[in-house]
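For reference, the structure discussed in these notes is given below.
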Amino acid sequence: QVQLVESGGGLVQPGGSLRLSCAASGFGVSRYGMSWYRQAPGKERELVATVTSVYTNYADSVKGRFTISRDNEKNTVYLQMNSLKPEDTAVYYCYRIAGTYWGQGTQVTVSS
């Protein structure tokens with residue numbers, strides 16, 4: 001059974017950092033493209049970052065600040081978020097590209 005469990009969200013001041021984790025079970029993260037999405041209140045869910053075996057890709061709004069990575073031994077995908085801005089506030093979701101699997105989401109709030 002495929003399962004994705006996000007963690008690492010919280011409240012952080014502007015300019016701060018957080019690292020989100022997505023623990024996967026039921027499959028190996030090395031074998032699938034994995035993404036992070038986010039959804040802010042009143043807005044549509046948007047793609048933040050993707051990692052596959054051949055590339056990583058980022059939304060323009062997070063390029064140079066966020067880094068997606070995966071640890072195959074821990075079967076976990078990460079999103080390192082630096083220089084956070086209030087507009088990064090959202091629920092962040094982990095997503096497996098093949099088969100359309102979502103995690104439950106983790107809240108990130110950037111506020112002073």
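These figures come from a predicted structure and were not determined experimentally. For this chain, numbers begin at 1 and follow the sequence in order.
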_Lys NZ or Arg CZ of Arg45 over Tyr37 ring: under 6.0 Å, within 45°_ =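 Ring-cation test returns no.
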*Residue pair Val108, Thr89: steps toward the side-chain contact (heavy atoms from CB on, under 4.5 Å) verdict*: CA-CA 5 Å; Val108 172; Thr89 295; 5.9 Å; no
[X], [Y]: one ILVMFWY side-chain cluster at the under-4.5 Å cut-off?
X: Tyr93; Y: Phe27; value: no
X: Val29; Y: Ile68; value: yes
X: Val2; Y: Met34; value: yes
X: Tyr101; Y: Val51; value: yes
X: Tyr58; Y: Tyr78; value: no

*After noting the C-alpha distance and the side-chain angles of Lys63 and Asp60, does the key distance pass the salt bridge (charged side-chain N to carboxylate O under 4.0 Å, His left out) rule?*
CA-CA 5 Å; Lys63 277 182 183 176; Asp60 287 343; 3.2 Å; yes
*Is there a donor-acceptor contact under 3.5 Å linking the side chains of Tyr92 and Arg38?*
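A donor-acceptor contact under 3.5 Å links the two side chains.
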*Consider only side-chain N and O atoms of Gln80 and Asn82, and report whether a donor and an acceptor are under 3.5 Å apart.*
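The criterion, which ignores hydrogens and geometry beyond distance, is satisfied for Asn82 and Gln80.
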*With side-chain contact (heavy atoms from CB on, under 4.5 Å) as the test, would you mind laying out the steps for Met81 and Leu20 before giving the verdict?*
CA-CA 8 Å; Met81 306 186 295; Leu20 305 183; 3.7 Å; yes
*Roughly how far, to the nearest 0.5 Å, is the CD atom of Gln104 from the OG atom of Ser7?*
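Reported to 0.5 Å precision, the distance equals 8.5 Å.
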*How long is the gap from OG1 on Thr76 to CD on Glu6, to the nearest 0.5 Å?*
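With rounding to 0.5 Å, OG1 (Thr76) is 11.5 Å from CD (Glu6).
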*asked:* Are there over 12 heavy-atom neighbours, none belonging to Glu44, within less than 6.0 Å of that residue's CD?
replied: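 Not more than 12 within 6.0 Å, no.
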*Checking side-chain contact (heavy atoms from CB on, under 4.5 Å) for the pair Tyr32/Ile97: CA distance, chi angles, key distance, verdict?*
CA-CA 7 Å; Tyr32 292 87; Ile97 292 175; over 6 Å; no
*Are the side chains of Pro14 and Pro86 in touch, meaning some heavy atoms are under 4.5 Å apart?*
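In contact.
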_Passing option when Ser35 is tested against Asn57, Thr52, Thr50 for side-chain hydrogen bond (donor to acceptor under 3.5 Å, both in side chains)_ =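 It is Thr50; the other options fail the test.
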*When the ring planes of Tyr95 and Trp102 are compared, do they come out parallel, tilted or perpendicular, using 30° and 60° as the limits?*
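Correct class here is tilted.
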*Can you list the steps and then say if Trp36 with Phe66 is a ring-ring contact (aromatic ring centres under 6.0 Å, His included)?*
CA-CA 11 Å; Trp36 286 95; Phe66 290 11; over 10 Å; no
*asked:* Between Thr106 and Val91, is the side-chain contact (heavy atoms from CB on, under 4.5 Å) condition met? List the steps.
replied: CA-CA 5 Å; Thr106 185; Val91 178; 6.0 Å; no
